[in-house]
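Not measured: the values here are computed from a predicted model.
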Amino acid sequence: MKKTFAAFVAVATIAGALAATPASAQRGVGVGIAAGLLGGAIIGGAIASSRPAYAAPAPVYVDDYPACRLVRERFWDGYGWRVRRVEVCD
């Protein structure tokens, strides 16, 4: 929604600048385009800096360690020693 509004404001600024400047061969349309781009940049910058784009989530505190954990365990499978992960609960 915010990006759509910013794009609409930029297009409206450019269109207004083009309509407000007289179309004469001496000045050309470049002044109108430059004024529109400048106005759109100012308004777009003001909208973009109004609020932070990212707010960090609130920290979560854990009282103690989880009751279960995974532990590596060596075992003999008949052919050789292997390692597997086993869940150990306290």
Measuring from Leu38:CG to Ile43:CD1, what's the distance to the nearest 0.5 Å?
10.0 Å
In short, side-chain hydrogen bond (donor to acceptor under 3.5 Å, both in side chains) pairs touching residues 70-80 with sequence neighbours left out are Glu73-Arg84
Contact between Val71 and Val86 at the side-chain level, heavy atoms closer than 4.5 Å - yes or no?
no
